[in-house]
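Side-chain atoms are counted along with the backbone in the values below, which use heavy atoms only and exclude waters and symmetry mates. Here is the naming used below: chain letters follow the sequence lines, and residue numbers restart at 1 for every chain. Computed from a prediction, not measured in an experiment: that's the story for all the values here.
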There are 2 protein chains.
Amino acid sequence: MANNAVFAEVASLAGDPGRAGMLHALMDGRALTATELARVAGITPQTASGHLARLTVGGLVAVEKQGRHRYHRLASPAVARMLESIMQVAADTAPPRKAFVGPRDQALRAARTCYDHLAGNLGVALADALVTRGHIELTSDAGIVTDTGTALFDTLGIDLDATGKRKGRMLCRPCLDWSERRPHLAGSVGAALCKHCMSEGWIKHVDGSRAVAITVKGQRKFREVFGIGSVG
Amino acid sequence: MANNAVFAEVASLAGDPGRAGMLHALMDGRALTATELARVAGITPQTASGHLARLTVGGLVAVEKQGRHRYHRLASPAVARMLESIMQVAADTAPPRKAFVGPRDQALRAARTCYDHLAGNLGVALADALVTRGHIELTSDAGIVTDTGTALFDTLGIDLDATGKRKGRMLCRPCLDWSERRPHLAGSVGAALCKHCMSEGWIKHVDGSRAVAITVKGQRKFREVFGIGSVG
DNA sequence: TAGATGCTTCGGTCAAGGCCGAAGCATCGC
DNA sequence: GCGATGCTTCGGCCTTGACCGAAGCATCTA
């Protein structure tokens, strides 16, 4: 079955440490240059270039040329979901690893973006708050925004209609967090919420990583709106 | 970051043609012996044995000893979802491949199991029927069983409560079909439906593959209950 | 036009791992 | 017990591909 070969090729593309590092870095949804990706993956630019070429023809990465820079990003949300699910399994497999959490790791666990939505301690706390306040309902399979949730998002100025084709009820997707092992909010609703937090200046990206920092304004807002205390 | 290495290892485990073939075969949710898996993957038993050992320590496969047989199955639903998502990306990447669909491929496209739920032409047709009749609502992110849907499943004798912790609304998960490129019904609801079809004798597994055949009784039932004509 | 910067291609080295044949254990049936 | 069957381990062959240094191309700046 030829299909099988394609499957193996896609999986093996993600199965190299160098490429895995680059894909990991791209999981924040932004587009990065080859040199940046080489640095985070700990390889030389020419090696990264070869990897990126393979990832591009393999359909995992899309590249956009801009002057002398070439910006690379994940080719589709489907790729992001695939990486998420691999991280999921990897987290299950992973050793206890209690000790040795570097500061960088620490920041990632506190709050990070997961392609287009929020994850980490903050992401889980937000999902928890929304659930306990009755704004959303979540199972391991799916989620729904309740009427009060819709109202809340409306007052916050989050446009759910724009992101997903709304028809009657608003559905959303839970995403099991690899660091917290509990679900956070993904899908179009999660993306809209993340985008809102970002544009309102409640959170901002830390240097060139997926980690995000909560601003002072964010601390206040998260407390006021969602009743979330100190996070991270 | 040590985490990255685990990620790459998990992905590379799925990234070998031999292992991919075996994992693909295990996607029907059943447990198979090493020899059976070797045959479907087209490798010798001793090679398969080595692969299976790696898959086991890697946490992708669980093994159960029974007499002189050792039955292998996917270690968790998370692994199944990971494989699904890889197939998803692989299908996007895949060439047009219009010609050259073997009879085996044909059967898979008509109807197959996807770990614990139904996929292929039949799976999509079922999802379509349930949606157009207002029994479920689906987006790309999530799904919900309506009141009439709950009633329908009740009269059919499908116990939704047993599979997922029911709390008020019943949520379910859509799963994009790699052959049809449209969503079919997954999650606990999809699993319950598939289990019901199987136990009622509406469908049955074809030899040792993921393909399922619709029985005569099934043809009648699918028409009566869901209004689905000839499928496949 | 000249130099700096980002990126890719080329060439060669080298380690990882997939593959099988043969042999070794375990378990079942008789 | 004894052979048959399922599976694993061992040893050796061989392909794949990851890696980097050096050089080449493209684009921006001055």
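Put simply, CZ on B:Arg19 is 9 Å from P on C:dG17, counting in whole angstrom units. In this structure, CD1 of B:Ile43 is placed 12 Å from P of D:dT8, rounded to the nearest angstrom. Going from atom CD of B:Gln46 over to atom C1' of D:dG12 covers 14 Å, rounded to whole Å. Summarising the geometry, the separation between CD on B:Gln66 and C1' on C:dC28 is reported as 14 Å, rounded to the nearest angstrom. Atom-to-atom, CE of A:Met22 to C1' of C:dC7 comes out at 13 Å; the value is rounded to the nearest Å. When rounded to the nearest whole Å, the span between OH of B:Tyr71 and C1' of D:dC7 equals 13 Å. Note: CG (B:Leu52) to C1' (D:dT9) measures 15 Å, nearest angstrom. Here the P atom of nucleotide C:dG6 and the CD atom of A:Glu36 are 10 Å apart, to the nearest Å.
Proximity of B:Ser49 to the phosphate of D:dT8: a side-chain N or O atom is located under 4.0 Å from OP1 or OP2. Taking 4.0 angstrom as the limit, B:His51 places a side-chain polar atom (N or O) nearer than this to OP1 or OP2 of C:dC19. At the phosphate of C:dT8, OP1 or OP2 sits under 4.0 Å from a side-chain N or O atom of A:Arg70. For B:Lys65 and C:dT27, the shortest distance from a side-chain N or O to OP1 or OP2 is below 4.0 Å. For B:Thr47 and C:dG18, the shortest distance from a side-chain N or O to OP1 or OP2 is not below 4.0 Å.
In this model, no donor atom of one side chain and acceptor atom of the other lie less than 3.5 Å apart for B:Glu9 and B:Ser12. For the residue pair A:Ser179 / A:Asp177, a side-chain donor-acceptor distance below 3.5 Å is found, with atom types taken as modelled. Side-chain atoms of A:Thr113 and A:Arg30 form no donor-acceptor pair, as typed in the model, at a separation below 3.5 Å.
For B:Asp16, taking side-chain heavy atoms from C-beta onward, the closest of the listed nucleotides D:dG6, C:dC19, D:dC20 is C:dC19. Relative to the side chain of A:Arg54, the nucleotides D:dG6, C:dC7, D:dA18 differ in distance, and D:dA18 lies closest.
Ion pairing of B:Asp116 with B:Lys195 is absent here, as no side-chain N (NZ or NE/NH1/NH2) approaches a carboxylate O to less than 4.0 Å. Taking a cutoff of 4.0 Å between a charged side-chain nitrogen and a carboxylate oxygen, A:Glu84 and A:Arg173 qualify as a salt bridge.
Ranked by how close their nearest DNA chain D nucleotide is to the 5' end, A:Arg68 and B:Ala53 are led by B:Ala53. Mapped onto DNA chain D by nearest heavy atom, B:Thr33 and A:Gly42 fall at different nucleotides, with B:Thr33 at the one closer to the 5' end.
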